[in-house]
K.L.:
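Would you mind keeping the following structure in view while I ask a few things?
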Amino acid sequence: MTNTTADNRQTPPLAPGSVAAMSTATVQDAPGAPPATHRLLVPAAAAVTVVLWGSAFIGIRSAGFDYSPGALALGRILVGTLALTVIAGLAGKLRLPRGRTLVGVAVWGVLWFGLYNLALNAAERTLDAGTASLLVGLAPILIAVFAGISLGEGFPARLLVGIGIAFTGVAGIALATSSGASDVVSVLLGLAAAVIYAGSTILQKRLLPQVDSLTMTWLGCLAGTIACLPFAPVLLRELAAAPAQATLSVVYLGVFPTAIAFVTWGFALTRTTAGRLGAATYAAAPLAVLMSWALLGEVPTPVALAGGALCLTGVLVATLRLR
């Protein structure tokens, strides 16, 4: 979504580009804060978010051996809701929406924090963290497609070319991981997570003018937690049997990639355009691949790695403007 007018009109988070490039973005200065400070804080906040979102794929893979997808989703967002409640309480600036806006935020939370996490957790049961991150990396291009249909942003030629390149990459990943039926299902689940991610972003784009980002994140995470409560008995059973390391991974996912990352993302998002900030999400997948290699010893096959590179290339072609 690179339409400058649209970005200046609304500033939704696009979930995990050059971070450095955002230092030259148009910044909305807060009262009493010097522009130079913002130019440093905005890319720093974006970098924190991208690193934490990239690390989420590692945390899911680590905890996923001992926690089932539903239990992991509930555990993560339950911790995230508690952390966000503390953050929101310290901020003291919550403005609760009402009526249709409140319903929209609840639906967004169930999609983004509930269904997205369920799909991604299930995908990473058989997919390595790097491959899963590359599949989810298709979300920005899907956002561009959805925005062209629902927000009237159109379909420029570079978008169509990028779609072709990116889906060629998806085919490569599917071939590289299709040693069994479960792997094919995992690829489809990874793609489903990307679709949910994109749809949630478009919904959030429509809702942000009526509710601030911190309130929306807190309420959305709470709604996702409530929706996942049917997994509570499973979570309690698995919590009793899981090793401490797996449980710590769940806590990490809730506090850092969920609560802190959304807060730093919201801070940056209110001070620069969505298009520029969204470019930072392209760094999340390569970071996840590197962290997966270093921390878990997981290296995607050459074909999957090439497919991931094509995915990212397609996203860049479709969403970045040539200077």
K.L.:
State the CG-CG distance between Leu135 and Leu127, to the nearest 0.5 angstrom.
P.N.:
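Between Leu135 CG and Leu127 CG, I get 6.5 Å after rounding to 0.5 Å.
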K.L.:
With rounding to the nearest 0.5 Å, note down the distance linking CD in Glu124 to CD1 in Ile58.
P.N.:
7.5 Å
K.L.:
Identify the two heavy atoms, one from Ala259 and one from Ala83, that lie closest to each other, and give their separation to 0.1 Å.
P.N.:
CB-CB, 3.6 Å
K.L.:
Suppose clustering is done on Ile, Leu, Val, Met, Phe, Trp and Tyr with side-chain heavy atoms closer than 4.5 Å. Which residues sit in the same group as Val251?
P.N.:
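Traced through the cluster, Val251 reaches Val48, Leu52, Val79, Tyr252, Val255, Phe256, Ile260.
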K.L.:
Is there side-chain contact between Pro97 and Leu219, with heavy atoms separated by less than 4.5 Å?
P.N.:
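The answer is yes, as the side chains (C-beta and beyond) meet within the 4.5 Å cut-off.
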K.L.:
Answer yes or no: is there a donor N or O on one side and an acceptor on the other, between the side chain of Ser200 and the main chain of Trp108, under 3.5 Å?
P.N.:
no
K.L.:
Atom OG1 in Thr81, atom CG in Leu222: separation rounded to 0.5 Å?
P.N.:
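Rounded to the nearest 0.5 Å, the OG1-CG separation comes out at 5.5 Å.
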K.L.:
To the nearest 0.5 Å, tell me how far Trp53 CH2 sits from Thr264 OG1.
P.N.:
7.5 Å
K.L.:
Would Ile60 and Leu72 satisfy side-chain contact (heavy atoms from CB on, under 4.5 Å), going step by step from the backbone distance to the final call?
P.N.:
CA-CA 8 Å; Ile60 292 170; Leu72 178 54; 4.0 Å; yes
K.L.:
Arg95 and Thr215: which non-hydrogen atoms are nearest, and at how many Å?
P.N.:
N-OG1, 3.4 Å
K.L.:
Quick check against the 3.5 Å criterion: does Arg76 have a side-chain atom that pairs as donor or acceptor with the backbone of Ser249?
P.N.:
no
K.L.:
Between Leu74 and Thr225, is there a side-chain heavy-atom distance shorter than 4.5 Å?
P.N.:
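Yes. Closest side-chain heavy atoms under 4.5 Å.
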K.L.:
Is Leu236 linked to Leu118 within one hydrophobic cluster, defined over Ile, Leu, Val, Met, Phe, Trp and Tyr using a side-chain heavy-atom separation of less than 4.5 Å?
P.N.:
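Hydrophobic grouping puts Leu236 apart from Leu118.
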K.L.:
Give the minimum heavy-atom separation between Asn117 and Ala73, together with the two atoms involved.
P.N.:
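Minimum heavy-atom separation between Asn117 and Ala73: CB-CB, 4.0 Å.
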K.L.:
Under the side-chain contact (heavy atoms from CB on, under 4.5 Å) test against Cys221, which residue among Leu78, Leu82, Leu84 passes?
P.N.:
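Among Leu78, Leu82, Leu84, the one that satisfies the side-chain contact (heavy atoms from CB on, under 4.5 Å) with Cys221 is Leu84.
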K.L.:
With sequence neighbours left out, what residues match Tyr116 under side chain to side chain donor-acceptor pair (under 3.5 Å)?
P.N.:
none
K.L.:
Quick check: do Leu235 and Tyr67 have side-chain heavy atoms less than 4.5 Å from each other?
P.N.:
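Sidechains of Tyr67 and Leu235: in contact.
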K.L.:
Would Leu189 and Phe65 show up in the same hydrophobic cluster when neighbours are defined by side-chain heavy atoms closer than 4.5 Å?
P.N.:
no
K.L.:
Between Leu239 and Val250, is any pair of side-chain heavy atoms under 4.5 Å apart?
P.N.:
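With C-beta onward as the side chain, the pair stays apart.
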K.L.:
To check you understand the geometry: which heavy-atom pair defines the closest contact between Asp66 and Ala242, and what is its length?
P.N.:
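Heavy atoms only, the tightest pair is CB-CB, 4.1 Å.
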K.L.:
Taking all heavy atoms of Gln245 and all of Ser62, pick out the closest pair and write down the distance.
P.N.:
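Reported closest heavy-atom pair: NE2-OG, 4.4 Å.
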K.L.:
Relative to the ring of Phe113, is the ring of Phe262 parallel (under 30°), tilted (30 to 60°) or perpendicular (over 60°)?
P.N.:
tilted
K.L.:
Please report the interatomic distance CG(Leu214) to CE(Met216), rounded to the nearest 0.5 Å.
P.N.:
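With rounding to 0.5 Å, CG (Leu214) is 12.0 Å from CE (Met216).
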K.L.:
Do Leu96 and Trp218 make a side-chain contact, defined as non-hydrogen atoms from C-beta onward lying under 4.5 Å apart?
P.N.:
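The answer is yes, as the side chains (C-beta and beyond) meet within the 4.5 Å cut-off.
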K.L.:
Do Leu120 and Val110 belong to the same hydrophobic cluster, where Ile, Leu, Val, Met, Phe, Trp and Tyr are linked whenever their side-chain heavy atoms lie under 4.5 Å apart, directly or via other members?
P.N.:
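The answer is no; the residues belong to distinct hydrophobic clusters.
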K.L.:
Should Val234 and Ile226 be counted in the same cluster of Ile, Leu, Val, Met, Phe, Trp and Tyr side chains packed under 4.5 Å apart?
P.N.:
no
K.L.:
Return the minimal non-hydrogen interatomic distance between Ala71 and Glu238, and the atom names on each side.
P.N.:
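Scanning both residues, the minimum pair turns out to be CB-OE1, 3.2 Å.
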